[in-house]
**Q** 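Below: one structure in structure tokens.
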Amino acid sequence: MQTLRYARQSRALLCPPPYAANNTTATLLFVTTPNSYPFSSYPLSPSSSDLVPSNGSQSEIHPKEAGFYFREWFMSRKKPIFDRIFEILRTQDESVADSSLSRLNLGLSETLILDVLNYESKDVLSCLKFFDWAGRQRGFHHTRATFNAIFRIISKAKLMSLMLDFLQNYMKQRYVHKIRYYNVLVIGYAVAGKPETALHVFGKMRFLGVDLDGLSYHVLMNSLVEQGYFDVVETIAREIRTRGFQNEITHSIMMKCLCRQNELERGEEYLRELVRDDDGKQLSDPAVGIFVEALCKDNQFERAALLVEEFQGMGMISMNHAYGVWIRDLVKAGKLDNALRFLKDKQAIEGYVPDIFRYNTLICRLLRENRMEEVYDMLVDMKEKEMLPDNVTMNATLCFLCKSGRMDIALDLYDSRAEFGLSVNYMAYNYLINTLLGDASINDAYRVLRNSIEQGYIPGKKTFSIIADVLCRDGRLDKMKELVLFTLDQKVMPNNLTYDKFISDLCRARRVEEGYLVHGITNTLNKTSRRSTYMSLIIGFSKLSRGSIAARLLIEMQEKGYKPSRNLLREMICCLCKGENSETQFFELLEMQLARNEFPALTVYNFFIDGAGHAKRPDLAEQAYEMMRRCGIEPDSNSNILMLQSYLKSVKISQALNWFDHLSMKWHSRKLPHTMIIGLCKAEKPEFAHQVLNDMKANKLIPSVECYEELIKLYCDMGKYYKALDLVNDMTQVGRHISSFIGNVFLLHALRTRKVYSAWAYLTHTRNPSQACWALGNVVGVFSGSIEGDYDYEELEKLIKQCFHIDIYTNNMLLRKLSVKGMDHAQKVLEKISERGYEPNRWTYDIIVHGLAKEGRTEEAKMWNNEMIRKGFTLTEGTEKVYVT
């Protein structure tokens, strides 16, 4: 088999074959016409293999030449005169179209009508217009074959109501008297799948003393088989024999009748009778093919193979159709290699040439199995045999080019599809879109996606989700919005996840109103948004201080069966507390939540006390607290602590202290003073916090590590290092360990000032420091430079480990400390940090960029900054100034 050559060497192959005229008998191909096979679900990831000759040579075909090769082959199927006919039918009104068609001087004949109808059979309306126009032309009479052809076009398009209307209005047509009226009605109703009506018309004919012709009898008989009226088939067959119409078609239909009833033994006997009768002159290739297909459906492949070889050996008939059926059924059964071996054997020995349908079947399955070289050879073989590619072939070629990594050629052919009448199918669209997305050609992928929807091909949910993800990830929200509105306008419904992701991305981009608009549209389509989508919208409107909309969405969310989280309710309540008419909206929402009974009443009140506290509205928290008591619900410890927190967050210290004293008389737990200390620290009231901490110890309650952490951090931020270190000494003496948080706070301040070490030195003279506090002092001394020495990473790491556990923040402090030795040294430290399993964070990258920028190494700083951005981090304000400068 020759391989693909340069376009200039292949032009001779592209000459169209002589025009093959159809005849009346050809219209009966419905008996054995092979099914067209749609693409299966192929893997959508493109292969990296090149489009290369099958002989294994790596000389690559130039894209322009390869593109021209396929383009010229596709163009060979076009017939300019037929294109002109359909252009007139599509673009001109009836009166103008009539005169335009007449000027073409077509020379109407049955063959020409059949060829024109077959050329654009999917354009049913234009075919009907042409059929009607031809029937009105002087000197031309529609035949049963042309009627059969138009009926099949309508039937294939599943426009049965149109077919029945056509038949009912048939008598009104001017050309009805020119042909046998009842014959056409029988053919029409039979093709329309209405054999009962066809039989009724046939009975009326017999009553009037007229009869069907051979063609009509066979169409009726085939329809009876297709619709399962097997008991009537033999009666019609007997009528056909009586009138001398029996031929190969009769036997093929009878074979189909037996096989449809799964009477395979009778079928084989019938076939052998045809061999014996009249020296096998009644035997036909389609009859053998029908029986072979029935055996394969019954999983009798060995018997089918023997039968094919037996009848081929007889030499009575051409076996082309039977071979085609055998190849198709082998492929359908997953026996692709067997089918290919059979094809090659028959091609080599008998010169067998499969029809276009068999080539398509093989190519599609080879594509599915990623056997690209064999697909390539098959396409070249078709072209060299001057086979005109049909739509399936061209779509398979597009898929092949995508999987071979030749998107340039595939996209060029796709963009030129109108030139050679390519109607892109679902699978080709999926290949094109997914491969373009894999190549990061988002604009082309988007364009192809829109085209596919306009053509009625809806991408799979996975494909739609991928392109939506890419558009949203790249921040092309306007493009995504355009796509969503376009799909809705086309009445295309992507899955809910696509809408939800888009709405959430709009909310993150602070385009909440647009997200709400899309949410409203999807609601009218009975699509339920996910819980996370509602949360994004509610949080988005809360941040915009649009509490009324956020509250409405919250209720809608709950009506959909989603339970809001505590954090969401807090965000919602905070928004209401800060808006206009806050008190009214606050209590309206509280009443609505109580009425829903979704949470226990006590929990609902606690939610609202918590939300008011976070909004720094202790007045509303107090009202909710009192309302709860009036309703007979006794506040629990959480309610009281939430009230305490509301005073602390609002820096109502006197009220907080009074409430704390009131509660302390009832409960003697660690949770209450813990809350008080944390709150006082956040309110920057260290004296009060320290007093509560001392009271805890006096009451033999050991403060939590978090209490110490917050108070120590506050003292350090205020520069009161002695008090902070005194607390460290205190906590370690009662058995608490120095946490990483506390250790990192001291490292950070030691890098800024030597006062930390001075405070520690003073502490050692006034106190008896614990061993842990002593170790911390050494670390602080080294980091502040008070203790001199050329420490490397391992030495500092060992020193710190004696004091507290190292985490990523500790490593950032180490990196910052050691960066003074130069950024080359710092980058080696970063490698060691990574080797220990720590993932660099924003501060890690910021330290590196800052140091490189200060050393004037701007290119390296830029490289690290780009890496930082890819990780989703941004520079701190201080580093940004140095980096920009």
**Q** Go through it in stages, so that I can follow the logic: the residues are Leu725 and Tyr762, the test is side-chain contact (heavy atoms from CB on, under 4.5 Å), and I'd like the CA-CA distance, side-chain angles, deciding distance and then a yes or no.
**A** CA-CA 10 Å; Leu725 287 164; Tyr762 181 71; over 6 Å; no
**Q** Which residues satisfy the salt bridge (charged side-chain N to carboxylate O under 4.0 Å, His left out) test with Asp717, sequence neighbours excluded?
**A**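 Asp717: salt bridge (charged side-chain N to carboxylate O under 4.0 Å, His left out) contacts with Lys713.
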**Q** Go through the structure and list residues passing salt bridge (charged side-chain N to carboxylate O under 4.0 Å, His left out) with Arg552, not counting sequence neighbours.
**A**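 For Arg552, no residue satisfies salt bridge (charged side-chain N to carboxylate O under 4.0 Å, His left out) once neighbours in sequence are set aside.
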**Q** Looking at every heavy atom in both Ile738 and Ala772, which two are closest together, and how far apart are they?
**A**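 Between these two residues, the closest heavy atoms are CD1-O, 3.7 Å.
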**Q** Could you check whether atom CD of Glu513 has more than 12 heavy atoms from other residues, nucleotides or ligands sitting under 6.0 Å from it?
**A**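 For Glu513, atom CD is crowded (more than 12 foreign heavy atoms under 6.0 Å).
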**Q** Mind checking whether His519 and Tyr534 have parallel, tilted or perpendicular rings, split at 30° and 60°?
**A**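 Rings of His519 and Tyr534: perpendicular, over 60°.
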**Q** Indicate whether the side chain of Glu622 and that of Tyr647 have a donor and an acceptor atom separated by less than 3.5 Å.
**A**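 A pair is found: one side chain offers a donor N or O, the other an acceptor, under 3.5 Å apart.
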**Q** Would you check if the side chain of Asp846 reaches a backbone N or O of Arg842 as a donor-acceptor pair within less than 3.5 Å?
**A**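 Checked: no pair found.
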**Q** Measure the shortest side-chain to side-chain distance between Ile549 and Tyr516 over non-hydrogen atoms and say whether it is less than 4.5 angstrom.
**A**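 With C-beta onward as the side chain, the pair touches.
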**Q** Testing the 3.5 Å rule here: is there a donor-acceptor pair between the side chains of Asn443 and Arg476?
**A**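 Yes - a donor-acceptor pair under 3.5 Å links their side chains.
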**Q** Taking only residues two or more places apart in sequence, or in another chain, which ones meet Lys871 in a salt bridge (charged side-chain N to carboxylate O under 4.0 Å, His left out)?
**A**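 In terms of salt bridge (charged side-chain N to carboxylate O under 4.0 Å, His left out), with neighbours along the sequence ignored, Lys871 is linked to Glu839.
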**Q** Who pairs with Lys616 by salt bridge (charged side-chain N to carboxylate O under 4.0 Å, His left out), at least two apart in sequence or on another chain?
**A**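 Result, salt bridge (charged side-chain N to carboxylate O under 4.0 Å, His left out) vs Lys616: none returned.
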**Q** Look only at the side chain of Arg617 and the backbone of Ser646, and say whether a donor-acceptor pair between them is shorter than 3.5 Å.
**A**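 No; judged by distance alone, with no hydrogens or angles, the pair does not exist.
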**Q** Take Ser784 and Leu751 through the side-chain contact (heavy atoms from CB on, under 4.5 Å) test and state the conclusion after the steps.
**A** CA-CA 5 Å; Ser784 65; Leu751 285 171; over 6 Å; no
**Q** Sequence neighbours excluded, which residues qualify as ring pair (Phe, Tyr, Trp, His ring centres under 6.0 Å) partners of Phe607?
**A**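 Expected list: Phe599.
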**Q** Ile677 and Ala689: which non-hydrogen atoms are nearest, and at how many Å?
**A**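 Taking Ile677 first and Ala689 second, the nearest heavy atoms are CG1-O, 3.8 Å.
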**Q** With a 6.0 Å cut-off (strictly less than), is the heavy-atom count around CZ of Phe688, excluding the residue itself, greater than 12?
**A**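 No, not enclosed.
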**Q** Going by the rule side chain to side chain donor-acceptor pair (under 3.5 Å), which residues pair with Asp505 if we only count those two or more places apart in sequence or in a different chain?
**A**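 Scan of Asp505 (side chain to side chain donor-acceptor pair (under 3.5 Å), adjacent residues dropped) gives Arg508.
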**Q** Taking all heavy atoms of Phe541 and all of Ala550, pick out the closest pair and write down the distance.
**A**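 So the two residues come closest at CB-CB, 4.0 Å.
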**Q** Without swapping roles, check the side chain of Glu855 against the backbone of Met823 for a donor-acceptor pair under 3.5 Å.
**A**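 Yes, Glu855 side chain to Met823 backbone: donor-acceptor pair under 3.5 Å.
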**Q** Do Ser740 side-chain atoms and His805 backbone N/O form a donor-acceptor pair below 3.5 Å?
**A**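 Present.
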**Q** Indicate yes or no: at least one non-hydrogen side-chain atom of Tyr708 is less than 4.5 angstrom from one of Val728.
**A**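 Counting from C-beta outward, Tyr708 and Val728 never come under 4.5 Å.
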**Q** For the NZ atom on Lys821, are there more than 12 heavy atoms of other groups (residues, nucleotides or ligands in this structure) within a distance under 6.0 Å?
**A**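 Yes, enclosed.
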**Q** Is it the case that the side chain of Ser650 and the backbone of Lys652 share a donor-acceptor pair, with hydrogens and angles ignored and the cut-off at 3.5 Å?
**A**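 Looks like no, no N/O pair under 3.5 Å.
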**Q** Taking C-beta and beyond as the side chain, do Arg531 and Ser565 meet within less than 4.5 Å on heavy atoms?
**A**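 Yes, their side chains come closer than 4.5 Å.
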**Q** Could you check Glu709 against Ser739 for side-chain contact (heavy atoms from CB on, under 4.5 Å), going step by step and ending with a plain yes or no?
**A** CA-CA 8 Å; Glu709 286 178 345; Ser739 66; 2.7 Å; yes
**Q** Under a 3.5 Å distance rule, please check whether Thr764 uses its side chain to pair with a backbone N or O of Ala761 as donor and acceptor.
**A**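 Yes.
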**Q** Could you pull out all residues at least two apart from Ile806 that satisfy side-chain contact (heavy atoms from CB on, under 4.5 Å)?
**A**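 Here the qualifying residues are Glu797, Ile800, Lys801, Thr810, Asn811, Tyr838.
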**Q** With a 4.5 Å heavy-atom cut-off, do Tyr562 and Thr528 have their side chains touching?
**A**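 With C-beta onward as the side chain, the pair touches.
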**Q** Identify, with sequence neighbours excluded, every residue that meets side chain to side chain donor-acceptor pair (under 3.5 Å) alongside Glu831.
**A**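 Once residues adjacent in sequence are excluded, Glu831 has no partner under the side chain to side chain donor-acceptor pair (under 3.5 Å) criterion.
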**Q** Is there a side-chain contact between Val780 and Ile787, using heavy atoms and a 4.5 Å cut-off?
**A**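 The answer is no, as the side chains (C-beta and beyond) never meet within the 4.5 Å cut-off.
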**Q** When the aromatic ring centroids of Tyr721 and His749 are compared, is their separation below 6.0 Å?
**A**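 Under 6.0 Å, so yes.
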**Q** Could you give all pairs that pass the side chain to side chain donor-acceptor pair (under 3.5 Å) test and reach residues 571-581, with sequence neighbours left out?
**A**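 Applying side chain to side chain donor-acceptor pair (under 3.5 Å) to every pair that reaches into residues 571-581, excluding sequence neighbours, yields Asn581-Thr584.
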**Q** Once you round to the nearest 0.5 Å, how far does CG of Asn640 lie from CG of Asn606?
**A**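 CG of Asn606 is found 9.0 Å from CG of Asn640.
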**Q** Is any side-chain heavy atom of Leu648 closer than 4.5 Å to a side-chain heavy atom of Met676?
**A**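 When only atoms from C-beta onward are counted, Met676 and Leu648 do touch, with a gap below 4.5 Å.
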**Q** Would one find more than 12 heavy atoms of other residues, nucleotides or ligands at under 6.0 Å from atom NZ of Lys649?
**A**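 Check passes, neighbour count above 12.
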**Q** Is it the case that atom CD in Glu794 sees more than 12 heavy atoms from other parts of the structure closer than 6.0 Å?
**A**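 It does: Glu794 CD has more than 12 such atoms within range.
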**Q** Could you tell me which residues satisfy side chain to side chain donor-acceptor pair (under 3.5 Å) with Asp695, sequence neighbours excluded, listed by chain and number?
**A**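 Residues passing side chain to side chain donor-acceptor pair (under 3.5 Å) with Asp695: Gln691.
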**Q** Give a yes or no on whether the backbone of Ile538 and the side-chain of Ser542 come within a donor-acceptor separation of less than 3.5 Å.
**A**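 Between the backbone of Ile538 and the side chain of Ser542 there is a qualifying donor-acceptor contact (under 3.5 Å).
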**Q** Hey, does Ile869 have a side-chain heavy atom less than 4.5 Å from the side chain of Thr874?
**A**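 No, too far: nothing below the 4.5 Å cut-off.
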**Q** Looking at every heavy atom in both Cys803 and Val779, which two are closest together, and how far apart are they?
**A**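 Result for this residue pair: CB-CG2, 4.4 Å.
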**Q** Under the salt bridge (charged side-chain N to carboxylate O under 4.0 Å, His left out) rule, what pairs show up with a residue in residues 859-870, not counting sequence neighbours?
**A**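 Non-adjacent pairs meeting salt bridge (charged side-chain N to carboxylate O under 4.0 Å, His left out): Arg857-Glu860, Glu867-Arg870.
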**Q** State yes or no: are the ring centers of Tyr757 and Phe783 separated by less than 6.0 Å?
**A**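 Aromatic pair excluded; centres sit 6.0 Å or further apart.
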**Q** Is there a donor-acceptor pair closer than 3.5 Å between any side-chain N or O of Ser758 and the backbone N or O of Arg754?
**A**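 Such a contact is found between Ser758 side chain and Arg754 backbone.
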**Q** Only counting residues at least two apart or in another chain, list the ones meeting side chain to side chain donor-acceptor pair (under 3.5 Å) with Ser770.
**A**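 Checked Ser770 against side chain to side chain donor-acceptor pair (under 3.5 Å); matches are Thr732.
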**Q** Tell me if the CZ atom of Arg570 is crowded by more than 12 foreign heavy atoms within 6.0 Å.
**A**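 Yes, enclosed.
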**Q** Could you label the plane-to-plane angle of the Trp864 and Tyr845 rings as parallel, tilted or perpendicular, counting under 30° as parallel and over 60° as perpendicular?
**A**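 Aromatic pair Trp864/Tyr845 classed tilted.
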**Q** Using every non-hydrogen atom in the two residues, find where Pro769 and Asn729 come nearest and quote the distance to one decimal.
**A**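 What the structure gives for the nearest pair is CA-OD1, 3.2 Å.
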**Q** Do the side chain of Thr879 and the main chain of Thr876 share a donor and acceptor less than 3.5 angstrom apart?
**A**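 The answer is no, because no donor-acceptor pair under 3.5 Å joins these two groups.
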**Q** Is the shortest heavy-atom distance from the side chain of Ile702 to the side chain of Arg736 under 4.5 Å?
**A**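 Ile702 reaches Arg736 side chain to side chain.
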**Q** Please determine whether side-chain contact (heavy atoms from CB on, under 4.5 Å) holds for the pair Tyr446 and Glu482, giving the CA-CA distance in whole Å, both sets of side-chain angles, and the decisive distance to 0.1 Å.
**A** CA-CA 11 Å; Tyr446 176 77; Glu482 181 186 333; 3.1 Å; yes
**Q** Show the numbers, then the answer: is there a side-chain hydrogen bond (donor to acceptor under 3.5 Å, both in side chains) between Asn812 and Asn744?
**A** CA-CA 10 Å; Asn812 286 338; Asn744 291 331; over 6 Å; no
**Q** Run Ser536 and Thr533 through side-chain hydrogen bond (donor to acceptor under 3.5 Å, both in side chains) and show every step you take.
**A** CA-CA 5 Å; Ser536 296; Thr533 307; over 6 Å; no
